[in-house]
Amino acid sequence: QVQLVESGGGLVQAGGSLRLSCVASGRTFTTYAWFRQAPGKEREFVARIIRSRSSVSLKYSDFVKGRFTISFDNGKNTMYLQMNTLKPEDTAVYYCVADGDSTTSFSPQSYGYWGQGTQVTVSS
């Protein structure tokens, strides 16, 4: 059974940090990403990592660039999102997603596997 399980969300004050984790089980993927959805808004792309035999490709949305860092631990089959200098507008449910192909799309529909989401709340 393929599963993506997120953890690490919570309540933090503006300017603080959180680290989200996503453990993948059942298979490995080529592309892993984080999306988020705030109340009343559509899901939006946050960051992506594409893993190949010889390299890793990273991509960030403009609104998190310089504050968030995506990474992957091969030994643990776990993706991380280190979030620093958090802002109230970062408040959302954060989803771990994955796909077996090398996916460069920013559309949620392009990713075949989703976790259940973890809530991040940033107070002002």
Side-chain angles (χ1 to χ4, degrees):
Q1 182 181 2
V2 177
Q3 278 191 312
L4 300 173
V5 180
E6 306 100 329
S7 62
L11 173 64
V12 64
Q13 288 188 333
S17 298
L18 284 174
R19 189 177 80 156
L20 305 183
S21 300
C22 172
V23 179
S25 60
R27 63 166 288 180
T28 58
F29 299 92
T30 299
T31 305
Y32 293 81
W34 292 96
F35 280 75
R36 70 184 187 185
Q37 186 168 23
K41 296 187 177 181
E42 295 186 349
R43 290 184 181 183
E44 61 182 0
F45 170 83
V46 175
R48 176 183 65 230
I49 183 167
I50 299 176
R51 305 160 60 233
S52 67
R53 287 185 179 181
S54 59
S55 65
V56 171
S57 172
L58 307 180
K59 181 70 174 178
Y60 296 94
S61 63
D62 288 342
F63 51 77
V64 304
K65 198 174 295 183
R67 299 189 297 125
F68 291 10
T69 303
I70 190 171
S71 61
F72 193 89
D73 185 324
N74 290 326
K76 297 180 179 179
N77 212 30
T78 300
M79 175 176 63
Y80 301 98
L81 185 68
Q82 178 66 44
M83 306 186 294
N84 298 328
T85 319
L86 283 161
K87 305 175 181 179
E89 50 264 43
D90 293 318
T91 295
V93 177
Y94 284 70
Y95 295 92
C96 167
V97 306
D99 197 82
D101 296 327
S102 177
T103 304
T104 59
S105 171
F106 299 112
S107 170
Q109 285 75 25
S110 297
Y111 296 84
Y113 297 88
W114 286 72
Q116 81 287 352
T118 185
Q119 176 70 47
V120 171
T121 303
V122 184
S123 62
S124 58

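For clarity, every value in this text was computed on a predicted model and none was experimentally measured.
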Requested in this report: Before accepting this row, confirm whether a basic side-chain N of the pair D62/K65 lies closer than 4.0 Å to the acidic partner's carboxylate O.
Outcome: yes
Requested in this report: Could you tell me which non-hydrogen atom of R48 sits nearest to which non-hydrogen atom of T103, and how far apart they are?
Outcome: CD-O, 3.1 Å
**Report entry** Note, T91 side chain near Q119 side chain (heavy atom, < 4.5 Å)
**Finding:** yes
Report summary line: Closest non-hydrogen atoms of P88 and A14, given as atom of the first, atom of the second and distance, are CD-CB, 4.1 Å
Query - Side chain proximity check, R36 to V120, heavy atoms < 4.5 angstrom - result: no
Report task. Specify the closest pair of heavy atoms between Y94 and E6, including all atoms of both residues, with the distance to one decimal. Result -> O-OE2, 3.9 Å
Query raised in the report: Out of F68, F45, F106, which one pairs with S61 under the side-chain contact (heavy atoms from CB on, under 4.5 Å) rule?
Result: F45
Query raised in the report: Mind checking whether V46 and V23 sit in one hydrophobic cluster, side chains of I, L, V, M, F, W, Y counted as touching below 4.5 Å?
Result: no
Requested in this report: First locate atom CZ of R43, then atom OG of S107, and finally report the distance between them rounded to the nearest 0.5 Å.
Outcome: 11.0 Å
Query raised in the report: With hydrophobic residues grouped by side-chain heavy-atom distances under 4.5 Å, do L18 and W34 end up in a single group?
Result: yes
Query raised in the report: Do the side chains of M83 and Y80 join up, straight or via other hydrophobic residues, at under 4.5 Å, putting them in one cluster?
Result: no
Report task. With M79 as reference, evaluate D73, I70, L4, V97 under the side-chain contact (heavy atoms from CB on, under 4.5 Å) test and give the passing residue. Result -> I70
Query raised in the report: In Å and rounded to the nearest 0.5 Å, what is the CZ to CG distance from R67 to L86?
Result: 6.5 Å
Query raised in the report: Any idea which heavy atoms bring L58 and V56 closest together, and the distance?
Result: CD2-CG1, 3.7 Å
Query raised in the report: Has the side chain of N84 got a donor or acceptor atom that lies under 3.5 Å from a matching backbone atom of S17?
Result: no
Report task. Taking atom types as modelled, find out whether D101 and T30 have a side-chain donor-acceptor pair closer than 3.5 angstrom. Result -> no
Query - N/O donor-acceptor pair under 3.5 Å between R51 side chain and F29 backbone - result: yes
Query raised in the report: Within a strict 4.5 Å, meaning less than it, do heavy atoms of the Y111 and F35 side chains meet?
Result: yes
Query - Q116 side chain to V5 backbone, donor-acceptor under 3.5 Å - result: no
Query raised in the report: Taking the six-membered ring for Trp, is the centroid-to-centroid distance between W114 and Y95 below 6.0 Å?
Result: yes
Query raised in the report: What distance do T31 atom OG1 and I49 atom CD1 have between them, rounded to the nearest 0.5 Å?
Result: 9.5 Å
Query raised in the report: If every non-hydrogen atom of S110 is compared with every non-hydrogen atom of S105, which pair is closest and at what distance?
Result: OG-OG, 2.9 Å
**Report entry** Same apolar cluster (I L V M F W Y, side chains within < 4.5 Å links), I50/Y113
**Finding:** no
Query raised in the report: Between atom CD of Q37 and atom CD of E44, what is the distance when rounded to the nearest 0.5 Å?
Result: 9.5 Å
Query raised in the report: Taking all non-hydrogen atoms of both residues, which atom of T118 and which atom of L20 are closest, and how far apart?
Result: CG2-CD2, 4.0 Å
Requested in this report: Just say parallel, tilted or perpendicular for the rings of F72 and Y32, cut-offs at 30° and 60°.
Outcome: tilted
